[in-house]
Amino acid sequence: MRTLQLEKSYWFLILISAFYFFVAWNSSGYNNADEHFQIIEFANYKLGHSTINDLAWEYKARVRPGLQPALCYLVFNSAYLLGISDKYNMALILRFMSALVSLVVIYWFVIGARPVIAKRNFNYFVVLSFLLWFLPYINVRFSSESWSGTLFMASLAAIQSQYHKGAIKKPFILGILLGASILFRYQSSLLVMGTILWLLFVDKAGLKKISIITSSIITMLLLGFFIDRWLYDANAFSLYNYFYVNIVKGVASNYGTSPWYEIMWYIIISPGIIGIYIFSAIIILLIIEPKSILLWAIAPFLIVHSIIPHKELRFLFPIANLVPFILILAYQKTRHLRLLKIRLFKYAASAIFLVVNTAGLVAITCKGAGKADISVTQYIHRHYSGQKVNVLCIDGLNPYWDYVNPRSYFYNSNEVELTFITTIWQNELVNKRKKGLVNLLIISDNEIAGQRSAQLLEENNFVKVFQSIPDVVKAINNFYDPSLNDYNLIVYEYGD
């Protein structure tokens with residue numbers, strides 16, 4: 001009987017693409033503020049919709065590479081020419097574009113990996129490459145981490161497609177891809193460094209090819225210099241500025257510091273119990289397959305990020321798409337171990353993985369990105385368009401952003417007035433409603449402490465119309481990390 005090859009199934013690829021675009025549709029907003037304030041707001045400024053004083057401090061410090069804001073600027077300009085001016089739709093286009101690029105690159109990488117993946121494992125590898133639970137969420141993000149990781153994965157796909165045919169035959173293209181991954185996120189230069197060392201010492205690519213690759217990378221960095229000149233309206237070597245400001249001056253540490261092992265802890269804890277599988281796989285490859293290009297690439301990346309005081313989970317996003325490859329390779333290297341031959345253990349481990357992965361996919365599909373606050377503003381925009389809206393907002397829970405600098409201009413609406421209140425238990429809940437406007441109330445789960453709170457809102461004719469974290473995701477969070485439910489924002493509409 002002929003085995004189904006998923007990578008050649010049009011139905012599978014169509015379903016996977018539809019799922020990614022559905023995630024992109026629901027994943028409104030941003031995972032981290034940098035994804036918005038250092039890309040979209042920069043592009044918004046270049047379009048003339050805000051002032052330089054409204055931007056994040058990184059703009060005046062000239063530490064942000066200009067490639068991604070420039071790409072965003074081109075997309076927004078194109079949208080305007082096509083008659084698209086809705087800001088939420090414009091952000092959606094960025095996510096659709098991210099999804100499309102990631103789908104193409106993942107497919108390319110999967111095909112290139114065929115020579116080293118056993119036939120019996122290949123369909124599992126294909127499914128994991130697209131549907132390991134956190135990958136669709138990461139891959140639809142128009143963030144520096146996601147795009148840099150996608151371009152680096154494209155670099156590895158180029159190496160695989162050429163390497164298994166005997167040699168690296170297109171070093172110039174490889175250098176362009178590696179350079180582009182750096183221009184999207186400078187920390188990926190560590191991945192690039194590890195890859196070049198592998199090409200030099202393991203692959204024995206030769207000095208001529210290494211020189212061509214290096215020259216291509218430098219060419220891309222020079223291109224980045226001219227793009228930075230456009231973004232900042234002045235000569236700016238943002239790569240140096242980034243290193244000097246964040247590392248030498250230690251500005252990044254102002255946003256928090258963590259012990260050296262925090263990066264390893266992220267790997268083990270953040271994916272749920274699947275993190276144990278991932279960490280074990282890395283250790284297995286380190287012992288059994290020390291010449292793997294994956295290890296050479298990620299080792300400098302992980303070591304330096306462990307040394308740097310400021311650490312965040314998103315810093316690992318550029319290597320997230322490599323996890324399925326690491327898992328499958330590690331399994332292939334250990335499948336003959338006695339423990340893995342015990343059917344009960346094998347079935348139990350597979351069942352746990354499947355349940356956790358399915359729950360993760362449900363969670364990332366059903367809510368907006370990050371704290372999901374932009375999903376609240378999007379709901380208001382979609383459902384009350386053309387109406388004047390008065391939003392009663394508990395101080396500190398403003399989904400339109402609280403800070404004077406940077407200012408969030410992109411999602412601003414002239415139809416929305418913000419009225420801040422201290423608590424729902426004071427007369428201001430009633431007194432600050434405005435006649436002739438749609439009155440909405442935004443509160444968190446913490447404000448609904450019990451039956452009395454719900455009764456108070458009902459007595460004042462407030463009806464629940466939306467919540468940023470659906471009940472099914474809240475249930476999953478209770479097993480994964482209950483504190484995530486603290487970010488749930490609930491929208492009530494006042495009924496006259």
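Partner F125 forms a ring-ring contact (aromatic ring centres under 6.0 Å, His included) with one of Y331, F325, F130 and no other, that one being F325. A side chain to side chain donor-acceptor pair (under 3.5 Å) with R185 holds for exactly one of S146, S144, S148; it is S144.
N485 and D445 form no side-chain donor-acceptor contact under 3.5 Å, judged by distance and modelled atom types alone. N488 and K371 form no side-chain donor-acceptor contact under 3.5 Å, judged by distance and modelled atom types alone. Side chains of N44 and S50: a donor-acceptor N/O pair is absent below 3.5 angstrom, by distance only. No hydrogens or angles considered: a donor-acceptor pair under 3.5 Å links the side chains of S27 and R141. In this model, no donor atom of one side chain and acceptor atom of the other lie less than 3.5 Å apart for T195 and W296. Judged purely by distance below 3.5 Å, without hydrogens or angles, the side chains of Y137 and N31 pair a donor atom with an acceptor atom. Residues S238 and Y186 have side chains that bring a donor and an acceptor to within less than 3.5 angstrom of each other. In this structure, a donor-acceptor pair under 3.5 Å is present between the side chains of Q187 and Y242.
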**OP:** Under the side chain to side chain contact (heavy atoms under 4.5 Å, CB included) rule, what do I39 and L71 come out as? Steps first, then yes or no, please.
**Re:** CA-CA 9 Å; I39 300 175; L71 183 59; over 6 Å; no
Original post:
Is there a side chain to side chain contact (heavy atoms under 4.5 Å, CB included) between N321 and N139 once you walk through the steps?
Top reply: CA-CA 9 Å; N321 278 301; N139 288 328; 2.8 Å; yes
**OP:** Take Y59 and F42 through the ring pair (Phe, Tyr, Trp, His ring centres under 6.0 Å) test and state the conclusion after the steps.
**Re:** CA-CA 8 Å; Y59 185 88; F42 281 11; 5.3 Å; yes
Subject >> side chain to side chain contact (heavy atoms under 4.5 Å, CB included) between V75 and M90, intermediate numbers included >> reply: CA-CA 8 Å; V75 170; M90 291 165 72; over 6 Å; no
Original post:
Could you go step by step and tell me if N53 and K60 meet the side chain to side chain donor-acceptor pair (under 3.5 Å) rule?
Top reply: CA-CA 9 Å; N53 292 325; K60 291 183 179 179; 3.1 Å; yes
Original post:
Run the side chain to side chain contact (heavy atoms under 4.5 Å, CB included) check on V356 and I352 step by step: do they pass?
Top reply: CA-CA 6 Å; V356 173; I352 291 171; 4.3 Å; yes
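A side-chain donor-acceptor contact under 3.5 Å links D228 to the backbone of G66. At distances below 3.5 Å, at least one donor-acceptor pair connects side-chain atoms of Y277 with backbone N or O atoms of A349. When atom types are taken as modelled, the side chain of Q160 and the backbone of F109 share a donor-acceptor pair closer than 3.5 angstrom. A donor-acceptor pair is defined here as one N or O able to donate and one able to accept, closer than 3.5 Å; no such pair exists between the side chain of Q378 and the backbone of Y88. Between the E58 side chain and the Q38 main chain, no donor and acceptor come within less than 3.5 Å of each other. Judged by distance alone, the side chain of T257 and the main-chain N or O of S253 form no donor-acceptor pair under 3.5 Å. The backbone N or O of G256 lies less than 3.5 Å from a partner atom in the side chain of H310, making a donor-acceptor pair. Using a distance-only test at 3.5 Å, with no hydrogens or angles considered, no donor-acceptor pair links the side chain of Q467 to the main chain of V491.
Across S270 and W133, no two heavy atoms sit closer than the pair O-CZ2, 3.8 Å. The two atoms that bring A359 and I476 nearest to each other are O-CD1, 3.3 Å, heavy atoms only. Heavy atoms only, all atoms of each residue included: S216 and P171 are closest at OG-O, 4.3 Å. Nearest heavy atoms, G272 versus Y480: N-CE1, 3.7 Å. Considering every non-hydrogen atom in both P470 and K367, the closest pair reads CD-CB, 4.0 Å. The minimum heavy-atom distance linking A56 with P406 is given by the pair N-CB, 3.5 Å.
Rounded to the nearest 0.5 angstrom, I106 CD1 and L128 CG are separated by 11.5 Å. In this structure, CG on N254 lies 9.5 Å from CG on N246, to the nearest 0.5 angstrom. To the nearest 0.5 Å, the span separating OG on S292 from CG on L329 amounts to 6.5 Å. The CG atom of L322 lies 10.5 Å from the CG atom of L295; values are rounded to the nearest 0.5 Å. Remark: D471 CG to N477 CG distance equals 11.5 Å, nearest 0.5 Å. Between L67 atom CG and L231 atom CG the span is 10.5 Å, to the nearest 0.5 Å.
Other residues, nucleotides and ligands contribute more than 12 heavy atoms inside 6.0 Å of the CH2 atom of W108. When the shell of 6.0 Å around CD1 of I52 is examined, it contains more than 12 heavy atoms from other residues, nucleotides or ligands. Residue-environment remark: OH (Y487) stays at or below the threshold of 12 foreign heavy atoms within 6.0 Å.
Side-chain atoms of Y240 and Y244, non-hydrogen and from C-beta on, do get closer than 4.5 Å to each other. Within the 4.5 Å cutoff, no side-chain heavy atoms of F225 are placed close to those of L239. Side-chain contact between I490 and I442 is absent, with no heavy-atom pair separated by less than 4.5 Å. A heavy-atom distance below 4.5 Å is not found between the side chains of L55 and R407. Residues F142 and C72 meet the side-chain proximity criterion, which asks for heavy atoms closer than 4.5 Å. Looking at heavy atoms from C-beta onward, S188 lies out of side-chain contact with W147 at the 4.5 angstrom threshold. Residues F96 and W25 are in side-chain contact: their nearest non-hydrogen atoms beyond the backbone lie under 4.5 Å apart. Within the 4.5 Å cutoff, the side chain of L15 has no heavy atoms near those of the F12 side chain.
Between D34 and R314, at least one side-chain nitrogen of the basic residue sits less than 4.0 Å from a carboxylate oxygen of the acidic one, meeting the salt-bridge criterion. With respect to K311 and E262, no salt bridge is recorded, no charged nitrogen being found less than 4.0 Å from a carboxylate O.
Ring-plane geometry between F301 and H305 is classed as tilted, the angle between the planes lying from 30 to 60 degrees on a 0 to 90 degree scale. Between F37 and Y30, the ring planes lie perpendicular to each other; the angle is over 60°, past the 30° to 60° tilted range.
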